[in-house]
Amino acid sequence: MENVFYTLKERGFVQQITHDEPLIRLLGEEKVTAYVGFDPTGDSLHVGHMLPIMALAHLQQAGHRPIAIVGGGTGMIGDPSGRTEMRQVLTRELIKHNIQGIKAQLAKFLDFSDDKAILLDNADWILPLNYIEFLREVGSQFSVNRMLTAECFKTRMERGLSFIEFNYMLLQAYDYLVLYRKYGCRLEMGGDDQWSNILAGADLVRRLEGEEAYGLTFPLLTTAGGKKMGKTEAGAVWLDPDKTSPYDFYQFWRNTHDADVERFLYLYTFLPVEEVKRLGSLKDNKINEAKKVLAFEVTKLVHGEEEAIKAKEASEALFGGANADESAAPSTEVQGNTIEEGINITELLLLTGLVSSKSEGRRLIKQGGIYLNGDRVDDEELIIGSEYIDDGKIVLRKGKKVFHNVYVK
RNA sequence: GGAGAGAUACCCAAGUGGCCAAAGGGGGCAGACUGUAAAUCUGCUGGCGAUGCCUUCGAAGGUUCAAAUCCUUCUCUCUCCA
C-alpha cells in the first residue's frame with residue numbers, strides 16, 4: 001500500500017510537520033498509532049471538525065490506528081490558542097453530555113471495532129492528577145521563557161491571559177505522553193493553531209521517554225470568500241441532522257465557491273485523485289457538476305446514501321423548477337384552520353422562521369425577495385387562504401435559494 | 001495595591017444636552033446580472049396594532065422640559081507603576 005503520508009500530502013492535509021523524513025519512514029514501515037483531540041465545546045461536531053476526522057480515516061484505511069481524544073479534562077481548562085478572549089469554562093455535566101454526541105458522530109467515519117480505532121476521554125487521566133506530582137514530572141520540563149515566545153500566547157499577551165489557560169499547553173502535552181506510554185502513540189495531528197501544543201507534547205515525550213514523537217498540522221481552511229470553513233451567516237454547519245438538516249448540509253456544499261471545489265473534493269471526499277482532478281478542471285458552468293458530486297459525496301459520508309439521494313433530488317427539483325417532491329426542504333406544519341381563516345403573509349413568514357420579525361418580512365416583500373408557490377409576492381398585506389394550498393402544502397421561498405414548505409394539517 | 005484610559009447596535013467605530021433608532025466601514029439579507037459561482041451595481045439592515053408608539057449606547061440611581069451625551073455609585077476591560 002502507498003505510504004499514507006503521500007496521500008495526505010497530495011490531498012492537501014499537510015501544513016507543517018515536525019520531522020518529514022523520519023515520519024514518512026515510520027508511516028511506511030510500521031503500524032502507527034496517531035491521535036487527534038476534539039474539544040467538547042458542543043454536543044455535535046461541525047464541518048470544521050471534518051478535516052481531522054478525514055485524516056484519521058485515511059490513516060485507518062492505510063492500516064494505522066487512530067485515536068480520537070475527547071477533551072473532557074482539557075475542556076475544563078479551555079485552550080487559549082487562536083482565541084482573543086478567555087474561553088467559557090464548561091461544567092463537568094455539560095462536557096459529559098457533549099462527549100456522548102461527539103462519540104456517536106465519530107463512529108460514522110472510523111471503525112472502532114476490535115480496537116482498530118480508539119476513543120478516549122482525557123478526563124480519565126487529567127482529573128485525577130495530583131498538582132504537586134504533575135508539576136514535578138511535567139512542569140519541570142517546561143521553560144516559561146520558551147512558552148512565552150510561542151505564537152499561541154502572543155496575541156493573548158496583549159489582551160490578558162489567565163494562569164489556568166497558560167497551563168493548557170502542559171495538559172495537552174501530557175495527553176501525548178500518556179498516549180505514548182499506554183498506546184505507543186507517535187503522532188499527534190491537529191489544526192495549525194495547535195502547532196505550539198503539538199510541539200510541546202512531542203518535546204515532552206522525547207525528554208521523558210527518549211523517543212522521537214511526531215506532529216503534523218492541517219491547514220486552517222478559509223473559503224475563497226474569506227470565511228472560516230464550515231461557518232455560514234446562520235452559524236456552524238453541523239453534522240447532527242437535527243441541527244443542520246441533510247438538505248441544508250447538501251446545499252452548503254453545493255454552494256461552494258468555484259475556487260474551492262477541487263480542494264474540498266480532495267479533503268472531504270475519498271474520491272480517487274484522478275477523478276478529483278477531472279472534476280476540478282471543469283470550467284464555467286460545467287463546474288456545477290463537480291459541486292453536485294462534492295455535495296452528494298460529503299452528504300453521503302455524513303448522513304448516509306439514502307439521505308444524500310433525498311437531498312440531491314430535493315435540491316434539483318427545487319432549483320429545476322419542477323413540481324417534484326421537495327420534502328427534504330425545511331418545513332413547518334400549520335393547522336388547517338389557520339389557513340382557512342386566512343393568515344397574513346408576514347405572519348406566515350414569521351411562523352416558518354424564514355424571517356425573525358414581521359418588519360423583516362415586510363422589508364423583504366418590498367424588495368421582491370419573497371415568493372409564494374413560485375410567484376413573487378408584492379403585497380405585504382396579502383392574506384393567505386386555502387386557495388393557496390396546492391397538494392396539501394404551500395411553498396415559500398426567500399430569495400433564490402431558501403425554500404420552505406408549509407404543510408397544512 | 002497606586003495612577004490613568006475605556007465600555008455605543010452582529011463586529012469595528014463616530015457622536016460629549018435636543019436636528020439620535022444613533023455617521024462611516026465591515027458583515028449580513030434582498031434585487032439586477034449569472035452558472036444555486038465570483039466580481040460588480042442598487043436597496044435594506046431594532047421592534048410593534050406603524051405618518052405614531054415601545055425598547056436600545058456596560059449596570060443602577062440622579063439632574064433636566066429634554067441624556068448615548070452632565071452627576072453619583074457599581075461592574076468589567078486595557079495601559080503604566082509595584
Side-chain angles (χ1 to χ4, degrees), chain A residues 80 83-89 154-162 165 222-229 231-237 245-265 279-296 298-299 311-322 324 326 328-330 342-347 349-372 374-381 383 395-404:
Chain A
R83 287 286 176 136
T84 50
E85 280 161 37
M86 178 158 168
R87 279 176 194 256
Q88 178 125 35
V89 177
K154 283 221 177 109
T155 49
R156 296 299 300 273
M157 292 310 289
E158 282 152 29
R159 295 203 48 101
L161 175 73
S162 72
E165 294 176 284
T222 51
T223 66
K227 292 200 198 77
K228 218 172 178 182
M229 183 60 193
K231 298 273 189 219
T232 65
E233 28 327 308
V237 179
S245 73
Y247 170 79
D248 286 332
F249 188 83
Y250 179 94
Q251 281 299 312
F252 169 77
W253 294 99
R254 180 62 248 271
N255 286 313
T256 298
H257 294 303
D258 287 9
D260 291 327
V261 173
E262 183 167 322
R263 195 161 50 123
F264 289 177
L265 281 165
L279 289 167
S281 65
L282 295 172
K283 288 280 174 285
D284 301 324
N285 69 7
K286 289 265 178 36
I287 199 154
N288 280 316
E289 282 312 309
K291 291 186 190 180
K292 282 184 195 171
V293 173
L294 174 67
F296 181 76
V298 185
T299 308
K312 181 182 162 75
E313 283 174 352
S315 163
E316 283 171 1
L318 289 168
F319 287 96
E326 55 277 269
I343 181 169
N344 188 287
I345 178 73
T346 50
E347 295 270 3
L349 287 170
L350 190 60
L351 207 65
T352 59
L354 240 31
V355 297
S356 54
S357 70
K358 288 196 224 166
S359 301
E360 189 186 339
R362 279 188 217 102
R363 241 179 265 132
L364 272 167
I365 292 169
K366 216 172 283 171
Q367 300 189 96
I370 292 296
Y371 302 78
L372 179 60
D375 300 320
R376 179 174 284 178
V377 177
D378 50 14
D379 176 10
E380 49 189 274
E381 298 301 328
I383 301 296
V395 180
L396 285 173
R397 195 176 112 211
K398 183 178 102 167
K400 277 176 274 195
K401 301 181 193 172
V402 188
F403 291 85
H404 196 103

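All values reported here derive from a predicted model rather than from experimental measurement. Any value given below was found using the heavy atoms of this structure, including those in side chains, with hydrogens, waters and symmetry copies removed. A note on names: the letters A, B, ... follow the listed sequences, proteins ahead of strands, and every chain is numbered from 1.
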* **Watson-Crick/G-U partner (both atom distances under 3.5 Å) of B:U64** =>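 Base partner found: none.
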* Would you mind pulling out the nucleotide paired to B:C78, Watson-Crick or G-U wobble, both distances under 3.5 Å? =>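 Pairing partner, where one exists within any strand: B:G4.
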* Asked: Quick one: is B:C48 close enough that its OP1 or OP2 comes under 4.0 Å of any side-chain N or O from A:Ser359?
  ->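 So the side-chain polar atoms of A:Ser359 do come within 4.0 Å of the phosphate oxygens OP1 or OP2 of B:C48, strictly under.
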* Is there a side-chain polar atom (N or O) of A:Arg363 under 4.0 Å from OP1 or OP2 of B:G47? -> yes
* Asked: So, does A:Glu347 use its side chain to make a donor-acceptor pair with the main chain of A:Ile343 at under 3.5 Å?
  -> no
* Asked: Which residues satisfy the side-chain contact (heavy atoms from CB on, under 4.5 Å) test with A:Ile383, sequence neighbours excluded?
  -> A:Asn344
* **Under the side-chain contact (heavy atoms from CB on, under 4.5 Å) test, residues paired with A:Ser281 that sit two or more places apart** =>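 With neighbours one apart ignored, the set is empty.
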* Asked: Of all residues at least two apart in sequence or in a different chain, which pass the salt bridge (Lys or Arg N to Asp or Glu O under 4.0 Å) check with A:Lys398?
  ->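 Expected list: none.
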* For atom CG of A:Leu350 and atom P of B:G47, their distance in whole Å -> 11 Å
* Structure fact -> In B/S/- notation (B base, S sugar-phosphate only, - none; protein heavy atoms under 4.0 Å), nucleotides 30-38 of chain B written 5' to 3' is SSSBBBBBS
* Structure fact -> Taken in chain and number order and not counting sequence neighbours, the residues that satisfy side chain to side chain donor-acceptor pair (under 3.5 Å) with A:Arg263 are A:Asp260
* Quick one: ring-ring contact (aromatic ring centres under 6.0 Å, His included) partners of A:Tyr250, sequence neighbours excluded? ->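 For A:Tyr250, no residue satisfies ring-ring contact (aromatic ring centres under 6.0 Å, His included) once neighbours in sequence are set aside.
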